[in-house]
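Submitted below is the structure of interest, expressed as structure tokens.
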Amino acid sequence: MPELPEVETIRRALVQEVLHRRLRALEVRERVHLLQNCTAPQLEKALVGKRLTALDRRGKFLVLEFGPWAMVLHLRMSGRLLLHPAGHTRLVLDFEGRTLYLDDARRFAALYLVPTAKLWELDPLRRLGLEPFTPSYTLEAFRERLRSRREVKRLLLDQTKLAGLGNIYACEALFEACIHPERPASSLTQQEAKRLFEAIPRVLERALAAGGTSFDKYRTPRGEPGRFQEEFSVYGREGEPCPRCGAPIARIVQGGRSSFYCPECQR
DNA sequence: CTAAGCGCCTGCATGC
DNA sequence: TGCATGCAGGCGCTTA
């Protein structure tokens, strides 16, 4: 499940492999769910023959700019961008010298076509919240986003509050900050908010250094798995000892999603 | 406006 | 072994 570190790892690999290359052809093999705001012929007409001029990321979205047109891609649960085809190809991007395959077993991936000049007006991008690793990510802005009585874990997953965290890194960041996932966000003290504010980029940075998490089927475009699952403190570790205090890790369900935490040291 | 719940989809683990 | 069941997950949509 690609979250910020996985999407950023993909982006960096694509910079090496396909940036500045010309797109020779494009083939859509899944038009029902994938294409959100355009048809396959519209996508082809806009992009084929153009060079990939920039590769950006916003939250979990990849932005591929082809001069005046941009392709915005969200991989959701099972989407992968691969240099070699796997079993569920939904889109083929035939660049000069390299071919990129969008593989997506569960068909949740979403693609938008948008004029580059209006990129940030695109609805899913426009609504995204604070972006870690940017100057806008300040403690003050973070505390503002936490002004809600909702459970802090659920708030961390809300992309309009904070962009890029998914279930894995939300669990791991709360563990780092010693905060219980069910705490109302607005009940966090200044000190707790600061701990969480600092834990989030720290966890993401460590995951990035490990090439992301391949707990699921995630692979880089070159087919390499990430290694961060070996460093999980709590995610998927129900019943195992907490690495900090030894108490058994607990699992609860919040908003239909598993939360893993240490009931002793997360308060 | 906010927040909660559902549906989308399919590989995989589990149970009988 | 084979089949049925249900879980996993992000996010857009609908509803309150």
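A, B, ... follow the sequence lines: proteins, then strands. Residue 1 opens every chain.
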*Indicate whether OP1 or OP2 belonging to B/dA3 is found under 4.0 Å from a side-chain N or O atom of A/Ser148.*
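Yes.
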
*Length of the line joining A/Glu238:CD and C/dC7:P, which is rounded to integer Å*: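 So the two atoms are 14 Å apart, to the nearest Å.
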
_Test salt bridge (charged side-chain N to carboxylate O under 4.0 Å, His left out) applied to A/Glu192 and A/Arg267, A/Arg183, A/Arg143, the passing residue_ =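 Result for salt bridge (charged side-chain N to carboxylate O under 4.0 Å, His left out) with A/Glu192: A/Arg183.
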
_Output the rounded distance in Å from CD (A/Gln254) to P (C/dA8)._
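After rounding, the reported distance stands at 13 Å.
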
_Below the 4.0 Å mark, does B/dC12 have OP1 or OP2 next to a side-chain nitrogen or oxygen of A/Lys217?_
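Answer is yes, contact under 4.0 Å.
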
*What's the verdict on side-chain hydrogen bond (donor to acceptor under 3.5 Å, both in side chains) for A/Thr53 and A/Glu65, showing C-alpha distance, side-chain angles and the deciding distance?*
CA-CA 6 Å; A/Thr53 47; A/Glu65 289 181 26; 4.6 Å; no

*Base, sugar-phosphate, or nothing: which does A/Arg90 touch, judged by heavy atoms less than 4.0 Å apart?*
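Result for A/Arg90 = nothing.
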
*Sequence neighbours excluded - salt bridge (charged side-chain N to carboxylate O under 4.0 Å, His left out) pairs with any residue from residues 84-98 of chain A*: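 Output for this query lists A/Glu17-A/Arg98, A/Arg22-A/Glu96, A/Arg24-A/Asp94.
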
*Check the distance between B/dT10's P and A/Arg80's CZ and give it to me in whole angstrom.*
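For the pair A/Arg80 CZ and B/dT10 P, the rounded distance is 15 Å.
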
_I want to check one thing: is the phosphate of B/dT2, taken as OP1 and OP2, less than 4.0 Å away from some side-chain N or O of A/Arg154?_
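For A/Arg154, the contact criterion (side-chain N or O under 4.0 Å from OP1 or OP2 of B/dT2) is not met.
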
*asked:* Please determine whether a side-chain nitrogen of the Lys or Arg among A/Glu131 and A/Arg57 lies less than 4.0 Å from a carboxylate oxygen of the Asp or Glu.
replied: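 Between A/Arg57 and A/Glu131 there is a salt bridge, with a charged N closer than 4.0 Å to a carboxylate O.
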
*Can you tell me if A/Thr213 and A/Gln229 form a side-chain donor-acceptor pair at under 3.5 Å?*
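On atom types as modelled, these side chains do not qualify, holding no pair under 3.5 Å.
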
*In whole angstrom, give the distance that lies between atom CD1 of A/Ile252 and atom P of C/dC7.*
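Rounding to the nearest Å, CD1 of A/Ile252 and P of C/dC7 are 17 Å apart.
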
*Measure from CD on A/Glu144 to C1' on B/dT2 and round the result to the nearest Å.*
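To the nearest whole Å, that distance equals 16 Å.
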
_Pairing partner of B/dC8 (Watson-Crick or G-U wobble, both distances under 3.5 Å)_ =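 Check on B/dC8: paired to C/dG10, both distances under 3.5 Å.
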
_Nearest whole Å is fine: how far is B/dT10 P from A/Leu75 CG?_
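About 17 Å, once rounded to whole Å.
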
*Roughly, in whole Å, what's the span from CG in A/Asp216 to P in B/dG11?*
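Result: 12 Å.
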
*Quick one, give me the B/S/- string for nucleotides 9-16 of chain C, reading 5' to 3', where B means a protein heavy atom under 4.0 Å from the base and S means that only happens at the primed atoms, P, OP1 or OP2.*
BBBS----

*Is it true that A/Arg219 and A/Asp103 have a side-chain N and a carboxylate O under 4.0 angstrom from each other?*
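Here A/Arg219 does not pair with A/Asp103 in a salt bridge, since their nearest N and O are not under 4.0 Å apart.
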
*Can you tell me the distance, in whole Å, between the CZ atom of A/Phe215 and the P atom of C/dC7?*
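Taking CZ of A/Phe215 and P of C/dC7, I get 17 Å after rounding.
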
*Transitively linked via ILVMFWY side-chain contacts under 4.5 Å: A/Leu91 with A/Phe66?*
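Cluster IDs for A/Leu91 and A/Phe66 match.
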
